[in-house]
4 protein chains.
Amino acid sequence: MSLNKVILIGNVGKDPDVRYFDSGAAIASFPLATSERGYTLANGTVIPERTEWHNIVVRRDLVSFVEKWVKKGSGLYVEGKIRTRNYDDQNGIKRYVTEIHADRIEFYNNGSRPADSSTTQASTNTGNNMTQPVQPNTGYQQGGTTLQSPTAPFSESNEADDLPF
Amino acid sequence: MSLNKVILIGNVGKDPDVRYFDSGAAIASFPLATSERGYTLANGTVIPERTEWHNIVVRRDLVSFVEKWVKKGSGLYVEGKIRTRNYDDQNGIKRYVTEIHADRIEFYNNGSRPADSSTTQASTNTGNNMTQPVQPNTGYQQGGTTLQSPTAPFSESNEADDLPF
Amino acid sequence: MSLNKVILIGNVGKDPDVRYFDSGAAIASFPLATSERGYTLANGTVIPERTEWHNIVVRRDLVSFVEKWVKKGSGLYVEGKIRTRNYDDQNGIKRYVTEIHADRIEFYNNGSRPADSSTTQASTNTGNNMTQPVQPNTGYQQGGTTLQSPTAPFSESNEADDLPF
Amino acid sequence: MSLNKVILIGNVGKDPDVRYFDSGAAIASFPLATSERGYTLANGTVIPERTEWHNIVVRRDLVSFVEKWVKKGSGLYVEGKIRTRNYDDQNGIKRYVTEIHADRIEFYNNGSRPADSSTTQASTNTGNNMTQPVQPNTGYQQGGTTLQSPTAPFSESNEADDLPF
DNA sequence: TTTT
DNA sequence: TTTT
């Protein structure tokens with residue numbers, strides 16, 4: 001009986017870092033900022049704006065989407081789960097990093113049109129013989145039965161799960 | 001083992017309808033629109049934009065917040081649950097209406113400042129000796145106006161925010 | 001700027017109804033119950049348990065998963081969006097039905113093992129040369145680039161969107 | 001334009017740590033485990049069960065609820081937001097800790113009755129002249145103990161539930 | 001450190 | 001390091 005669900009809307013702090021492995025697996029990562037606006041209490045205390053930075057990690061078929069479309073400054077909707085991994089730093093001390101493993105990423109309109117969870121899947125599932133827009137109509141999500149093709153066996157994606165980042 | 005959770009971001013279709021009852025109870029309701037943007041398929045088929053209208057229902061202490069701040073056109077973040085009620089129409093036929101009973105409402109910036117789930121509760125808890133902004137800094141959720149009582153001033157809660165634990 | 005997101009955990013009220021169309025499109029639907037438990041107020045008033053029924057609608061690649069695994073009584077985690085459609089009843093009166101269009105379905109352990117959003121996608125993305133378990137390890141979700149195969153063109157899935165159920 | 005939302009269902013790893021400050025502020029914290037079940041890939045690779053530990057932090061009026069009811073082993077539903085804070089360790093090196101600041105906590109039935117987001121608020125708002133159950137009927141959320149004031153008894157809010165609007 |  |  002368990003659920004681990006994260007929903008974020010925020011802005012990308014810098015261009016994604018994308019890495020490919022010999023196994024064929026790939027991983028992308030980038031920082032995403034969410035902000036709480038500041039306010040003033042009744043007693044005059046000023047609570048300043050506060051920005052939270054999230055480490056977004058992307059695997060499998062989401063990687064190519066991120067590599068192609070996500071840039072510094074992009075406004076994104078991200079769904080995923082929390083994962084904390086640990087590693088030993090240069091002093092042999094165990095350190096922890098918490099990341100958001102994304103299952104779904106959508107562009108969250110920078111001023112223009114609305115986005116919706118439904119549209120996303122639809123317009124995503126294209127990208128073939130269609131002329132690509134300068135910005136994607138929508139987003140992307142993990143999943144899909146056909147990922148298990150011989151050229152991208154599922155086990156690889158999961159081996160990547162054990163990589164130290 | 002049950003969960004019934006709805007998260008919406010959209011725009012208010014018309015000014016809320018607010019009703020008060022002899023019992024002291026109050027209820028507010030208004031339509032909220034969420035939109036999926038349209039797109040064009042690879043084969044040229046045009047899928048038009050689609051707007052979904054949700055009946056938002058508000059009770060208890062959220063009512064006064066809605067009455068005061070929510071207007072036609074307001075951009076809102078709404079959390080709640082789905083409820084379908086039925087009634088007999090003029091022909092004695094049972095009819096069903098599905099509504100979203102809101103547990104939490106926040107203003108979702110119309111172009112200006114960001115909002116965050118945390119800020120909301122804070123700046124909501126106003127209504128005392130504080131000069132009211134023209135638009136609320138934030139939103140509201142079920143429960144909690146009385147946090148800003150003299151015995152538990154809000155600033156204290158926030159001082160705790162800086163404690164190393 | 002829009003979001004329409006529903007998260008439900010509940011039990012299936014009866015075996016899914018599955019329909020196939022000449023276009024190749026398919027649709028499955030079933031009722032899902034979520035329950036609020038009853039309680040007694042301080043003044044002695046008894047608030048009884050309340051069950052909410054949701055109309056779950058499933059399309060595309062989720063259909064075969066549902067047809068194969070989902071049964072009356074199944075405990076499910078469902079993510080999706082709200083959609084209200086209308087039709088004219090036998091008296092020519094416009095009637096409305098609100099449905100949850102599922103983007104993701106997972107089995108939510110009936111007493112046994114925990115489920116998690118991540119696991120789900122993983123164990124789902126198999127189903128090839130693997131011997132099938134009596135009950136799936138997990139669930140399923142919409143998406144996947146390769147859905148747009150010639151035998152299941154995307155436009156068909158969307159034509160189904162206009163069907164009266 | 002920002003959202004930072006976490007939804008967890010899991011089990012408490014040890015009894016909460018509760019601290020009170022001179023200011024009157026209080027804070028509670030405890031670890032919560034979510035688990036992904038293991039599975040076997042088509043190629044025979046065994047992916048073991050994986051447990052994720054979350055640091056839950058609770059403030060304000062949620063603290064007393066946690067102190068009273070939450071124990072090691074408790075099955076909880078937790079809603080909140082992600083926050084990462086940093087501090088300098090004994091070697092003067094900056095370290096980071098990511099925590100989930102809870103806005104809402106509910107008991108998630110250990111085998112028995114269902115829970116629902118609505119019920120929660122209701123049965124929570126007790127703590128007056130009512131005999132307390134051994135385990136709370138439900139959960140709690142930020143804000144709102146004072147709803148059960150004489151001028152706004154909870155039963156009234158619920159009578160409104162039956163009004164045709 | 002929890003649960004199944 | 002992003003956005004407003």
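Just so it is clear: chains get the letters A, B, ... in the order the sequence lines come, proteins before strands, and each one is counted from 1. Since the structure is predicted, the reported quantities are computational estimates derived from the model, not experimental observations.
Per the geometry, CG belonging to D/Asn11 stands 7 Å off P belonging to E/dT4, to the nearest Å. Rounded to whole Å, the distance from OH on D/Tyr96 to P on F/dT1 is 13 Å. If you take CG of D/Asp15 and P of E/dT2, they are 11 Å apart, rounded to a whole angstrom. Between the CZ atom of A/Phe30 and the P atom of F/dT1 there is a distance of 18 Å, given to the nearest Å. Remark: P of E/dT3 and CD1 of D/Ile9 are 17 Å apart, rounded to the nearest angstrom. Note: CG (A/Leu76) to C1' (F/dT3) measures 12 Å, nearest angstrom. Atom-to-atom, CZ of D/Arg37 to P of E/dT2 comes out at 21 Å; the value is rounded to the nearest Å. In this structure, the CD atom of D/Glu49 is 13 Å from the P atom of E/dT2, given to the nearest Å.
Judged by centroid separation below 5.5 Å and plane tilt below 30°, D/Trp53 stacks onto the base of E/dT1.
A/Tyr20 pairs by the side-chain hydrogen bond (donor to acceptor under 3.5 Å, both in side chains) definition with A/Glu67, not counting sequence neighbours. When the salt bridge (Lys or Arg N to Asp or Glu O under 4.0 Å) test is applied to D/Asp15, no partner is found at least two apart in sequence or on another chain.
Closest to the side chain of A/Thr51, out of F/dT2, F/dT1, E/dT2, is F/dT2. Considering only side-chain atoms of A/Lys72, the nucleotide from F/dT2, E/dT3, E/dT1 that sits closest is F/dT2. Here F/dT1 is the nucleotide among F/dT1, F/dT3, E/dT3 with the atom lying nearest to any side-chain atom of A/Pro31.
A donor-acceptor contact shorter than 3.5 Å links the side chain of D/Tyr108 to the backbone of B/Ser2.
Shown here is C/Lys72, whose NZ atom has no more than 12 heavy atoms of other residues, nucleotides or ligands within 6.0 Å.
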